[in-house]
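Report on one structure; see the data block that follows.
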Protein chains: 2
Amino acid sequence: MASPPHRKRRATVHDVAIHSGVSRGTVSRYINGERYVSSAAREAIEAAIREVGYVPNTAARNLVMQRSQSVGFIVHEPGSLFIEDPNIGEIMLGANATLSAEDHQMAVLVVDSDRDTDRVARYLSGGFVEGAIIVSARSHDPISEVIDRLELPAAYVGRPPDAPAAASFVVIDNRSAAAAITTRLAATGRRRIGMIAAALDRDSGADRLAGFREALGDRFDETLVEATPLYSYSGGRDAATSLLQRAPDIDGLFAASDAVAAGAMEALRAAGRRIPEDVAIVGFDDSTWSRRTIPALSTVHQPARELGAEAARLVLLKLRGEAAPTQVQLDCSVVWRESA
Amino acid sequence: MASPPHRKRRATVHDVAIHSGVSRGTVSRYINGERYVSSAAREAIEAAIREVGYVPNTAARNLVMQRSQSVGFIVHEPGSLFIEDPNIGEIMLGANATLSAEDHQMAVLVVDSDRDTDRVARYLSGGFVEGAIIVSARSHDPISEVIDRLELPAAYVGRPPDAPAAASFVVIDNRSAAAAITTRLAATGRRRIGMIAAALDRDSGADRLAGFREALGDRFDETLVEATPLYSYSGGRDAATSLLQRAPDIDGLFAASDAVAAGAMEALRAAGRRIPEDVAIVGFDDSTWSRRTIPALSTVHQPARELGAEAARLVLLKLRGEAAPTQVQLDCSVVWRESA
DNA sequence: TTGTAGGCGTTATCAA
DNA sequence: TTGATAACGCCTACAA
């Protein structure tokens, strides 16, 4: 037998049964609110429960019921994510609300090292969760492999390059959103519109550029696009500085993210441009950045909460054995502030 | 027996035993890497595992071992928290790193509704976790009650008013940090220093005011303190507006948080004051706010990651049955930028 | 080195 | 209505 690391033994159904003079079966029935418990038994049980301080061991219940009523929410690299991206918190909340309504527990699993990766993979396969929601998955991830191999009901927010084919994905339409805000920007009468593209190796980055190009059509000018590897402030600042030297006459700018836009605004200011008088600028994400820049940034709002809710809904669907769409796409909206 | 919601049955130790022609005991021993497994048995077992696709059910193992190797990380109202407070993410990371090093799984449990409160309380008492870390606990919280009643090894980040006496707390010294930054502000030669106090009903808020007062000593002027209920941008803006009307000659300002400071800066600007030339301002938290205001805000940095790491360390200590300090206090540092 | 069997705390079946 | 009893998947003393 095991030797528990010296902690107070907790009362069990067995104890309650002894103390109340009924059988474990009856106690169990009482606990699960079934009918067929006489009021005499009920009272005895209630007294016994108080007396011994019984609290049900859900883990044991799960073992026999073969379900844990909980789903994992896996988030990679939360260090940068939580700080830079307010969406992640909203996604969590959306997922939790949906799960909660169906009485499922959401357990957020942080992946911040290789150790974490392995441990979380074990956790997922260990019967603690019935399903998983994954945000910002990595390529060649043991976690995705586990999900795939175990056929664990899962939904990804975003679409990683090598995700399990059996999973579902909830995504936003980066391309049409980028096109929408570019069109809006052009409608303000700007003639020379540039873009600070970012993360072109990711779907999101590439799609935002594609949307920009699409919106401009014939007026698209390749020389007005400057790229930076990450969705970062400094990247935006540096790229904008280069762009400004190459094309000092730009009067409109689409940044691939709010952070990039904020960096670009610093460069614009340093170059003596007024915003939006000389150069109008728009971003993407509707992050806290967009509300704290001066002037406030016009940007694209992601339905973060809905993203999470939808992912949860998909997992729940699969859990019930119902058919779940393999991909669902949610619409973004343009929020217009003062920067353009 | 239960009827699992129609999912693929997973192979068990039993199946592996059958397929490999050895007993369950031997399979179990192999899995747990014990000695006393012949190489013949080993090979047969390995083959069988691959064949049937066995993956251990950790939940079942936990039941018999009486330990889950995981601790809950409970966060309330993450909606506002994740967005306003970058510290929370850092605290999570710090806790996770420490737990991970000891091979414990951290499960973040979000509390966002009454439903959540009850479910999480059940989860905590259900044997899924061996301990808990709580950030931003609420008063009269069923969760704290459960922790108290079950004597669940726990550590709080911050010290809620009615926390279980048996728990441990890791806190920062708001008072001396506030005193430190106020002293630094005074050292720049400011004569009339005001404060936008906030959340005076919380320890943190009251202590920051106390530190401010302490640092100023005789020069403390009660009429230069304006209070606002929450650590919010709008509260800071409105309070600063009032203060400015009452005392137009202030030349220094300590805001109880960065968000409050950012709001105050808006008010200052609206009143035509230059920062820091006319009025120098400092905040508290070193949140993203402080890096995005113009000019960048001088502020107090909380050792967020260490806060989380320390809380985890305390829980781990208790888990081992070792004595854990009832409270540990961590130092803050002043980070000086351009606003003062 | 291996097999047997009992138990972890529940729920569920079935006869009483 | 209730009480035995057999699972759930695993670990581990003890015997062989």
Side-chain angles (χ1 to χ4, degrees), chain A residues 1-5 7-45 48-49 52-69 122 125-128 130 150, chain B residues 1-5 7-18 20-45 49 52-69 122 125-128 130 150:
Chain A
M1 246 233 311
S3 57
R7 223 176 343 285
K8 206 175 66 174
R9 200 187 86 85
R10 273 152 62 160
T12 71
V13 165
H14 182 80
D15 300 317
V16 175
I18 301 287
H19 278 252
S20 60
V22 302
S23 75
R24 305 205 307 262
T26 304
V27 174
S28 178
R29 280 188 289 268
Y30 166 80
I31 291 168
N32 294 296
E34 289 179 27
R35 48 178 190 276
Y36 301 139
V37 278
S38 64
S39 46
R42 185 191 327 279
E43 284 167 26
I45 293 172
I49 285 181
V52 302
Y54 170 77
V55 15
N57 183 323
T58 325
R61 183 208 309 252
N62 288 346
L63 182 58
V64 48
M65 303 272 280
Q66 296 288 73
R67 56 208 186 72
S68 63
Q69 296 268 88
R122 284 203 306 276
S125 50
F128 296 98
E130 298 181 68
L150 262 44
Chain B
M1 247 231 312
S3 56
R7 222 173 347 281
K8 205 175 66 174
R9 199 186 86 85
R10 272 151 64 161
T12 72
V13 166
H14 181 81
D15 300 315
V16 176
I18 302 286
S20 59
V22 303
S23 77
R24 305 201 309 257
T26 304
V27 173
S28 178
R29 279 187 287 267
Y30 166 80
I31 291 168
N32 294 297
E34 288 180 26
R35 49 180 189 275
Y36 300 140
V37 278
S38 64
S39 48
R42 185 191 327 280
E43 284 168 25
I45 293 173
I49 285 182
V52 301
Y54 170 76
V55 14
N57 182 324
T58 324
R61 185 208 309 254
N62 288 346
L63 183 59
V64 47
M65 304 273 278
Q66 297 287 69
R67 57 207 186 70
S68 63
Q69 295 268 95
R122 284 204 306 276
S125 50
F128 297 97
E130 297 181 68
L150 263 43

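Note that these values count all heavy atoms, side chains included, but never hydrogens, waters or copies made by symmetry. Per chain, numbering begins at 1; letters A, B, ... match sequence-line order.
A straight line from CZ of B:R24 to C1' of D:dC14 spans 15 Å, rounded to a whole angstrom. Rounded to whole angstrom, the span from the CG atom of B:N57 across to the C1' atom of D:dG9 amounts to 6 Å. The distance from atom CD1 of B:I18 to atom C1' of D:dG9 is 14 Å, rounded to the nearest whole Å. One atom, CG of B:N62, and another, C1' of C:dG9, lie 13 Å apart when rounded to the nearest Å. A:L63 places its CG atom 7 Å from the P atom of D:dG9, with the value rounded to the nearest Å. In this structure, B:M65 atom CE and D:dC11 atom C1' are separated by 7 Å, rounded to whole Å. Separating the CD1 atom of B:I45 from the P atom of C:dT1 is a distance of 13 Å, rounded to the nearest angstrom. To the nearest angstrom, P of C:dG9 lies 15 Å from CZ of B:R67.
Distances shorter than 4.0 Å separate none of the side-chain N or O atoms of A:T26 from OP1 or OP2 on D:dT2. At the phosphate of C:dT11, OP1 or OP2 sits under 4.0 Å from a side-chain N or O atom of A:S28. Proximity of B:Q66 to the phosphate of D:dC11: no side-chain N or O atom is located under 4.0 Å from OP1 or OP2.
No engagement by A:A59 is indicated, since no non-hydrogen atom pair under 4.0 Å with the nucleic acid exists. Among the heavy atoms of the strands lying under 4.0 Å from A:T12 are primed sugar atoms or P, OP1, OP2 only; no base atom is included. Contact annotation for B:Y30: no contact, since no heavy-atom pair falls under 4.0 Å across all strands. Among the protein residues, A:R10 comes within range of no part of the nucleic acid, since none of its heavy atoms lies under 4.0 Å from any strand. Looking at heavy-atom distances under 4.0 Å, B:V16 makes no contact with the nucleic acid at all.
The side-chain heavy atoms of B:N57 and B:R61, taken from C-beta on, include no pair separated by under 4.5 Å. Looking only at side-chain heavy atoms (C-beta outward), B:V22 and B:R29 stay at 4.5 Å or farther from each other. Side-chain atoms of A:I49 and A:Y30, non-hydrogen and from C-beta on, do get closer than 4.5 Å to each other. B:T12 places a side-chain heavy atom less than 4.5 Å from the side chain of B:D15. A 4.5 Å side-chain heavy-atom check between A:Y54 and A:I31 finds at least one atom pair inside the cut-off.
In this structure, of C:dC8, C:dT10, C:dT2, it is C:dT2 that holds the atom nearest to the side chain of B:R29. With C:dT2, C:dA12, C:dT10 as the candidates, the nucleotide lying closest to the side chain of B:A41 is C:dT2.
With hydrogens and angles disregarded, no donor-acceptor distance shorter than 3.5 Å links the side chain of A:R122 to the backbone of B:T58. No donor-acceptor pair under 3.5 Å is formed between the side chain of A:S28 and the backbone N or O of A:R24.
Of the residues in residues 32-40 of chain B, those placing a heavy atom less than 4.0 Å from an atom of DNA chain C are B:Y36, B:V37, B:S38, in numerical order.
Taking CZ of A:F128 as the reference point, atom CG of B:N62 lies at 4.0 Å (rounded to 0.5 Å).
For B:A60 and B:R42, each mapped to the nucleotide of DNA chain C holding its nearest heavy atom, the one lying further toward the 5' end belongs to B:R42.
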